[in-house]
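All remarks here apply to the structure that follows.
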Amino acid sequence: AQSVAQPEDQVNVAEGNPLTVKCTYSVSGNPYLFWYVQYPNRGLQFLLKYITGDNLVKGSYGFEAEFNKSQTSFHLKKPSALVSDSALYFCAVSPMDTGRRALTFGSGTRLQVQP
Amino acid sequence: GAGVSQSPSNKVTEKGKDVELRCDPISGHTALYWYRQRLGQGLEFLIYFQGNSAPDKSGLPSDRFSAERTGESVSTLTIQRTQQEDSAVYLCASSRLSTGTGTDTQYFGPGTRLTVL
């Protein structure tokens, strides 16, 4: 069975500083990896995904994530945080090799960007 | 274009009652998923529909939970004899056809907040 760990319940960063939200995964075989963001009282919005190819994936709103197979990690990053980035972020995985489509989500990390 | 829509947005019910939640996927999306999000937690997979294939029901927590889908359109999630632990936000997602072991991005609706008193 697959799993996702987001070790930080909350990340605090000052506006303009770089941010990192951590994610590690466990899956049989190769993974598909996703980041979603959830704003208060709204559904999940897709940010970016890793399917194959370049380990550095660029997504919406200036976010990017780096796939590291040896460390089984897929950390979300942004060079300069905005107050409007404050939200709940979820990492998710599905196994590439079994055809199982459902996503397994981490427990989420709350990002708080201070002005 | 229109995104995934869900109704109702909020549902309050009494323990023991049945509830029906509805999901309208993005037009042209053949795959449809239901997830549950308990307060302060991540999403749990419930059930997956793909075209005319048999649904993947592996995430349904008990036989009180069931779901149907009409063709490649609307889906309803039914919870019978609701319990307080069923209180959660129920999220629906849809994606384009996933062929073989490929996958496509799932787009989520706003969810239905279910409260069982």
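Excluded from the calculations below are hydrogen atoms, water molecules and symmetry mates; all remaining heavy atoms, backbone and side chain alike, are included. Protein chains get the first letters and strands the later ones, always in sequence-line order, with residue 1 at the start of each.
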With side chains defined as the heavy atoms from C-beta onward, is the minimum distance between Thr105(B) and Tyr32(A) less than 4.5 Å? no

Check whether [X] and [Y] end up in the same hydrophobic cluster, where Ile, Leu, Val, Met, Phe, Trp and Tyr are linked by side-chain heavy atoms less than 4.5 Å apart.
X: Phe74(A); Y: Val21(A); result: yes
X: Leu21(B); Y: Leu46(B); result: yes
X: Tyr48(B); Y: Tyr90(B); result: no

Which portion of [X] sits near chain A, non-hydrogen atoms under 4.5 angstrom:
X: Ser58(B); value: side chain
X: Leu91(B); value: side chain
X: Gln6(B); value: neither

Greater than 12 external heavy atoms within 6.0 Å of [X]'s [atom1]:
X: Glu85(B); atom1: CD; value: yes
X: Glu68(B); atom1: CD; value: no
X: Leu39(B); atom1: CG; value: no

Is Gln45(A) in contact with chain B via its backbone, its side chain, both, or neither, using a 4.5 Å heavy-atom distance? neither

Testing the basics here: between Tyr35(B) and Leu103(A), what is the closest heavy-atom pair and its distance to 0.1 Å? OH-N, 3.0 Å

If you measure from CD on Gln106(B) to CZ on Phe46(A), what distance do you get to the nearest 0.5 Å? 10.5 Å

